[in-house]
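Okay, structure first, notes after.
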Amino acid sequence: MTPESIRARLHTRVVGKRILCVELCASTNDVAWQAALDGAPDGTAVFAEEQTQGRGRLGRTWTSPRGTNLLVSIVLRPRLEIERVPLITALGALAVTDAVDLPARVRFPNDIVVDGRKLAGILVESRFISERPDLFILGIGLNVNAHPPDLPATSLAQEKGREQSRTIVARALLEAVDEWYARLDGPLKPWQKAWRERSDLLGREVRIRERGRSTAGTVDDMDPIEGIVLRLASGHVRSFRGEHVEHVVLR
Ligand code: BT5
């Protein structure tokens with residue numbers, strides 16, 4: 001993959017106006033942070049063929065066989081109300097579901113699954129200046145042609161039965177990120193609607209692990225800002241925001 005091949009026929013306003021492709025790095029999020037601190041413009045996208053320290057949330061790792069998938073981090077510099085910060089993760093997740101042309105669903109907080117198998121993961125990192133968010137790195141790992149064989153995961157190639165062009169998927173992904181990015185300060189209705197429609201969890205019995213504690217219940221609602229709204233056995237309703245949730249498992 002090259003910046004030129006991705007940019008050819010790319011239709012975006014902001015995202016991917018500048019693209020970097022590296023062979024090898026520790027994490028594309030690190031490369032994007034460095035680029036951002038060096039002044040990279042809003043929407044700069046960094047792709048890598050291979051990561052030596054790809055990261056997930058909460059100290060977990062992201063693994064991806066070299067040269068087979070999309071590992072990308074996007075520099076975002078929105079003017080964003082602090083309450084809307086969770087929308088950045090939602091943006092990445094919704095964009096993946098738009099880009100892949102499969103019945104992909106969002107497993108809160110940051111997994112994209114097909115029939116329960118993980119296709120992609122989102123990792124957002126941010127910088128705040130005096131309580132205002134001013135810089136985000138949106139990292140996306142998307143299994144295009146391979147997935148780690150030791151995990152219950154899937155890839156686009158596996159779902160579609162043949163190898164996929166990473167360049168075409170990369171372009172679709174940048175275009176989808178660009179579209180949701182443009183809606184960031186608009187009405188919440190379209191976010192809420194898409195979030196509910198594409199949720200893998202709505203109405204299901206789950207167990208949520210948060211800060212070492214486990215809570216069971218039925219998922220009453222999914223909200224891109226409030227998180228997961230759980231009805232407990234006691235009848236009480238409690239919501240859990242994404243940032244503290246270790247994982248959600250089906251019961
Ligand atoms: C995530 O974390 O799912 C966020 C992953 C974000 C990765 C991208 S790649 C580009 C950018 N640069 C980075 O360094 N990171 C981002 P989490 O929800 O914590 O899930 C991590 C877990 O997913 C691991 O513990 C594994 O169980 C599983 N996993 C690892 N690699 C996978 C893969 N390729 N496909 C499916 N599952 C995987």
Side-chain angles (χ1 to χ4, degrees), residues 1 15-16 19-36 44-76 86 88-97 99-100 102 104-126 136-159 164 166 169-170 173-174 177 200-201 208-211 227-228 240-249:
M1 282 201 309
V15 175
I19 297 175
L20 293 163
C21 291
V22 302
E23 275 299 313
L24 179 71
C25 61
S27 158
T28 54
N29 269 36
D30 293 342
V31 180
W33 270 116
Q34 194 54 56
T44 298
V46 178
F47 290 85
E49 297 292 333
E50 185 179 10
Q51 296 183 130
T52 54
Q53 291 173 56
R55 53 183 183 265
R57 298 167 59 239
L58 310 168
R60 296 187 288 242
T61 55
W62 187 259
T63 50
S64 180
R66 171 164 55 91
T68 55
N69 295 326
L70 291 181
L71 303 165
V72 58
S73 297
I74 303 169
V75 174
L76 298 176
I88 304 289
T89 303
L91 180 164
L94 291 170
V96 171
T97 64
V100 296
L102 277 176
R105 300 193 153 259
V106 181
R107 183 166 290 183
F108 179 83
N110 67 319
D111 291 356
I112 316 304
V113 299
V114 179
D115 289 335
R117 286 187 297 273
K118 189 158 170 176
L119 176 73
I122 312 293
L123 175 70
V124 173
E125 295 171 334
S126 54
F136 294 88
I137 306 297
L138 168 62
I140 302 173
L142 169 58
N143 299 333
V144 179
N145 288 313
H147 64 80
D150 53 330
L151 293 173
T154 191
S155 66
L156 292 183
Q158 174 155 324
E159 296 300 326
Q164 303 290 307
R166 285 188 297 155
V169 180
L173 182 61
L174 295 179
V177 169
D200 178 53
L201 297 175
I208 297 180
R209 211 176 152 74
E210 186 200 46
R211 295 191 246 217
I228 189 164
F240 297 78
R241 286 196 169 217
E243 64 259 41
H244 306 302
V245 171
E246 283 158 52
H247 57 234
V248 180
V249 289

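Order of listing sets the numbers, starting from 1, for every ligand and every atom in it.
- Only backbone heavy atoms of V72 (N, CA, C or O) come within less than 4.0 Å of ligand 1; its side chain stays farther off.
- Annotation: atom 31 (N) of ligand 1 to nearest protein heavy atom, T63 N, 3.1 Å.
- Put simply, the residue from K118, R57, H247 that forms a side chain to side chain donor-acceptor pair (under 3.5 Å) with D111 is K118.
- Within ligand 1, counting atoms from 1 as listed, the ones closer than 4.0 Å to a heavy atom of G54 are 14 (O).
- Between T28 and ligand 1, at least one N/O pair is under 3.5 Å apart.
- Contacts between I122 and ligand 1, counted as non-hydrogen atom pairs separated by less than 4.0 Å, involve the backbone only.
- The nearest pair of heavy atoms linking A104 to I112 is CB-CG2, 3.8 Å.
- Distances below 4.0 Å separate heavy atoms of L71 from the following atoms of ligand 1: 9 (S).
- Residue contacts with ligand 1 for H147 are absent, since no atom lies close enough (heavy atoms, distance under 4.0 Å).
- Listed by atom number, the atoms of ligand 1 under 4.0 Å from R55 heavy atoms are 5 (C), 6 (C), 7 (C), 13 (C), 14 (O), 15 (N), 16 (C).
- In this structure, the protein non-hydrogen atom closest to atom 35 (N) of ligand 1 is N143 ND2, 2.9 Å.
- Nearest to atom 18 (O) of ligand 1 among the protein's heavy atoms is N110 ND2, 3.3 Å.
- Proximity of Q51 to ligand 1, defined as any heavy-atom pair under 4.0 Å, is confined to the side chain (atoms from C-beta onward).
- Of all atoms in ligand 1, listed by their number and element, those nearer than 4.0 Å to a heavy atom of N29 are 11 (C), 12 (N).
- Where the criterion is an N or O separation shorter than 3.5 Å, residue side chain and backbone included, R57 meets it with respect to ligand 1.
- Listed for the N69 side chain is a donor-acceptor partner under 3.5 Å among the backbone atoms of A146.
- At a heavy-atom distance under 4.0 Å, only backbone atoms of I140 (N, CA, C or O) approach ligand 1.
- Within ligand 1, counting atoms from 1 as listed, the ones closer than 4.0 Å to a heavy atom of D111 are 3 (O), 18 (O).
- A salt bridge links R166 to E49: one of the charged nitrogens lies within less than 4.0 Å of a carboxylate oxygen.
- More than 12 non-hydrogen atoms from other residues, nucleotides or ligands lie less than 6.0 angstrom from CZ of R60.
- Listed for the R211 side chain is no donor-acceptor partner under 3.5 Å among the backbone atoms of V245.
- Which parts of ligand 1 touch P148 is read off a 4.0 Å heavy-atom cut-off, strictly below it: atoms 32 (C), 33 (C), 34 (N), 35 (N).
- Of all protein heavy atoms, the one lying nearest to atom 36 (C) of ligand 1 is A153 CB, 3.4 Å.
- Residues T28 and Q51 have side chains that bring a donor and an acceptor to within less than 3.5 angstrom of each other.
- Defined by atom type and a distance below 3.5 Å, a donor-acceptor pair is missing between the side-chain atoms of N110 and T89.
- Scanning all protein heavy atoms for the shortest distance to atom 8 (C) of ligand 1 gives G141 N, 3.5 Å.
- For atom 5 (C) of ligand 1, the closest heavy atom belonging to the protein is W62 CE3, 3.4 Å.
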side-chain contact (heavy atoms from CB on, under 4.5 Å) between R55 and L123, worked out: CA-CA 8 Å; R55 53 183 183 265; L123 175 70; 3.7 Å; yes
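- Using a 4.0 Å heavy-atom cutoff, S73 is listed among the residues neighbouring ligand 1.
- A distance-only check finds no donor-acceptor pair linking the side chain of E50 to the backbone of P65 [under 3.5 Å].
- Using modelled atom types, one finds a donor on one side chain and an acceptor on the other under 3.5 Å when comparing E159 with T154.
- From the protein, the heavy atom lying nearest to atom 27 (O) of ligand 1 is L151 CD2, 3.9 Å.
- Distances shorter than 4.0 angstrom do not occur between any heavy atom of T154 and any atom of ligand 1.
- Using a 4.0 Å cut-off between charged nitrogen and carboxylate oxygen, R105 and D200 do not count as a salt-bridge pair.
- Remark: ligand 1 atoms within the under-4.0 Å shell around heavy atoms of L123 are 6 (C), 15 (N).
- In this structure, the protein non-hydrogen atom closest to atom 23 (O) of ligand 1 is K118 NZ, 3.3 Å.
- Annotation for N143 and H147: closest pair ND2-CB, 3.6 Å, computed over non-hydrogen atoms.
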